[in-house]
Amino acid sequence: MSAMIRPMLGEAWLAMGANRLRTGLTMLGMVIGVGAVVIMLAIGQGAQYAVQQTISTMGSNLFIVLAGSFTTAGVRSGAAGGPTLTVDDAAAIAELDGVANVAPTHQGSRQLVYGAQNWSTQVIGTTPEYLDARAWNITNGAAFGDSDVRSATRVALIGKTVAENLFADDDPVGKTLRIQQNPFIVIGVLGGKGQNLDGRDQDDTVIIPLSTAQRKVFGTPFLGAVRMIMVQADSAEAMPRVMEATTALLRQRHRLRDGMPDDFFMRNLSAAAESEAATTRTMSILLGAIASISLLVGGIGIMNIMLVSVTERTREIGIRMAIGARQKDILSQFLLEAVMISFAGCLLGLLLGLAIALGINFFTGMVVVISGTAALLAFAVAASVGIFFGWYPAQKAARLDPIEALRYQ
Amino acid sequence: MTVAMNAANNEPVIRVVGLGKSYATAAGLFPALRGVDLSIAPGEYLAIMGPSGSGKSTFMNLLGCLDTPTVGDYFLSGRNVAQMDKDALAVLRNRTLGFVFQGFNLLPRMSLQDNVALPLVYAGMDKATRRARARQLLDRVGLGKYAESLPNRISGGQQQRVAIARALVNAPRLILADEPTGNLDSHTSEEIMRLFGELNADGITIVLVTHEPDIAAHAKRQVRFLDGEIVSDHLTAVLP
């Protein structure tokens, strides 16, 4: 059999070359189909990758508990306006099963001053666990510890954007900046995280100990009250359980009877990222549907042209049979031809798809991921389309009666 | 050894018993062949004659394993092939006999050498063997220098010689020829018949169909068909 494959490949090549325009047009269907598959995978995987990147910079399996609103003289404060959450609530949540990190935080926008420079940014007062929950590293200097939170020291960790804007080329570590007239010593610079899902710059921030923030920067009517508690669960699976347990715990601690509304809000941060991922998956499925339809149409084109080819070459088939070709010899000859057309179309489609995907990346800056899986998938598809749509014409050729075929003019 | 060979030689190359073939037509079943009995010994040179519709072509297709009979038995070198399946018949066409057609039937896109070598492809031979065998047979029919040409570059008589080379490539002991000179002028026909004579002298059994008496005269035995039956079977008279 292996001795036969080589001459058969040569013959299939000759047959394809005998009518170049027709072969080329037949291949076009496959080229478009496979090209679409490649582009779909490159963009789909690229989007997935971008979303995963964002999720991993934000921190995974996170949810936040916001203090409830309060109403004074008909004016409602909005979420986190009331003093319903405390540092003790945070400590209690930390005791729950499945909780990895808990960070009570208080944040707001403030003006920073260093020398002649000033810059308005988001100030976050929190505990060291916040950095763990958000998987945030320090590139220069060191983080503050629990003792800094206990004694409300005036130390600050600054984000990359802040460092660039206030300190330019200077090394910020050890320098003193002012937040609301209070001097803070910069003890570290945070690693870059880039944009979050909303497009906000996560590096435009300053992190200081929670106690310092409450006493010196924001001020609070009730010492120990926090606006927000960030909670990280052990795993994605543990998230719903931990959120439920947190609700129950806080209702119990706040002495809320059945029927009374919660005096806090909970938001799942990972859910937003996951819905983004789901959107890109939907887009991939849509592109995949288009790609499979064009592959189907391409396959039908191959089948059509192979049927024409079998009719045109009836006499040739008769001659081959007369000199000893068995049914499987004729079958494999025509099948091989169909697979070769499909394969050549696939190869061109692959190159075209890659070129377009790279072009998209170059001109729009959209993330594309080109994987070996895509190439492998495309070739598997080409082989199966060739065999599937080549089978019927090849079978028709193999079943011809030698005498009838020889008489065909 | 000698005894065994004699025994084999005594066995007919072809023996048909009560061979019949009917075709379904609009007017009902038409019997093209009505129970033919014939035996052909190794080394014979036989011409089948008869007018159109006498059943000689149907008979030839059955002998060439291109078709299967409706009734009767066909023993090819002692094996009954009458009810063999299509693939088994293909193997017989490939190895046991060579078929020469009126219209040459070379594949137009292939060089003469590849045309001659094609049966060897189906026999599963490697490339070097195929090339050597094809060259040898093209030389045998005097066309070695055209090995790389396409069939349309040479004359009809030359194409028929290539077709004969192709029929011989698997070294069969039997050549079947259906009107091999039907498309050729008389001079070229003589050349082809001389080639058949040489092959027969080498011990190859030859059966050919023709309607021309002077072509049939080259054979040693002549069988005449009429209305699907054999009406005469005699040795060719040696001219005084």
Side-chain angles (χ1 to χ4, degrees), chain A residues 1-23 308-337 340 394-409, chain B residues 21 23 32 57-58 60-62 64-68 85-111 114-131 150-151 163 165-170 172 176 178:
Chain A
M1 192 63 200
S2 62
M4 290 186 59
I5 276 291
R6 280 179 64 89
M8 281 180 133
L9 277 174
E11 281 179 31
W13 182 250
L14 274 180
M16 281 169 69
N19 205 329
R20 288 203 185 83
L21 179 65
R22 198 168 80 183
T23 310
V308 172
S309 178
V310 168
T311 308
E312 276 180 356
R313 287 155 69 190
T314 300
R315 194 175 166 80
E316 177 194 322
I317 295 165
I319 296 171
R320 287 175 182 275
M321 285 176 160
I323 61 170
R326 286 154 296 181
Q327 288 188 309
K328 69 166 193 213
D329 296 329
I330 302 292
L331 185 83
S332 32
Q333 183 191 339
F334 280 89
L335 212 50
L336 198 67
E337 211 175 301
M340 265 177 83
Q395 183 97 336
K396 205 178 156 190
R399 286 198 179 152
L400 283 174
D401 180 65
I403 295 175
E404 295 288 327
L406 277 170
R407 271 193 209 126
Y408 187 88
Q409 286 304 320
Chain B
K21 178 76 182 176
Y23 294 108
S57 279
T58 302
M60 203 60 175
N61 287 338
L62 289 175
C65 299
L66 289 165
D67 206 355
T68 47
D85 67 21
K86 282 184 160 190
D87 281 355
L89 291 176
V91 173
L92 286 176
R93 293 196 292 269
N94 188 246
R95 320 262 165 101
T96 312
L97 56 86
F99 210 104
V100 178
F101 301 90
Q102 178 175 0
F104 324 136
N105 279 346
L106 299 178
L107 293 185
R109 280 199 305 266
M110 276 188 191
S111 72
D114 287 346
N115 260 292
V116 173
L118 195 55
L120 298 175
V121 171
Y122 294 123
M125 303 256 182
D126 63 78
K127 188 170 185 171
T129 313
R130 293 201 303 264
R131 185 181 289 258
L150 290 179
R166 180 177 65 187
L168 290 168
V169 79
N170 257 329
L176 302 173
D178 191 358

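Side chains are part of it too, since the values below use all heavy atoms of this structure and drop only hydrogens, waters and symmetry mates. All chains are named by letter (A, B, ...) in the order of the sequence lines, taking the proteins before the strands, and each is independently numbered beginning at 1. Small disclaimer: the values here were computed from a predicted structure and weren't measured.
Taking CD1 of A/I319 as the start and CG of B/N115 as the end, the distance is 8.0 Å to the nearest 0.5 Å.
The stretch residues 97-110 of chain B participates, sequence neighbours left out, in these salt bridge (Lys or Arg N to Asp or Glu O under 4.0 Å) pairs: A/E316-B/R109.
Heavy-atom proximity under 4.5 angstrom to chain A picks out B/A90, B/V91, B/R93, B/N94 from residues 90-99 of chain B. Within residues 395-402 of chain A, the residues having any heavy atom less than 4.5 Å from a heavy atom of chain B are, in residue-number order, A/R399, A/L400, A/P402.
A pairwise comparison of heavy atoms in B/F101 and A/A322 identifies CZ-CB, 3.5 Å as the closest pair.
In this structure, no portion of A/E404 lies under 4.5 Å from any heavy atom of chain B. Both the backbone and the side chain of A/R320 have a heavy atom closer than 4.5 Å to some heavy atom of chain B.
The side chain to side chain donor-acceptor pair (under 3.5 Å) search around B/T68 returns none, not counting sequence neighbours.
Residues A/R315 and B/N105 are in side-chain contact: their nearest non-hydrogen atoms beyond the backbone lie under 4.5 Å apart.
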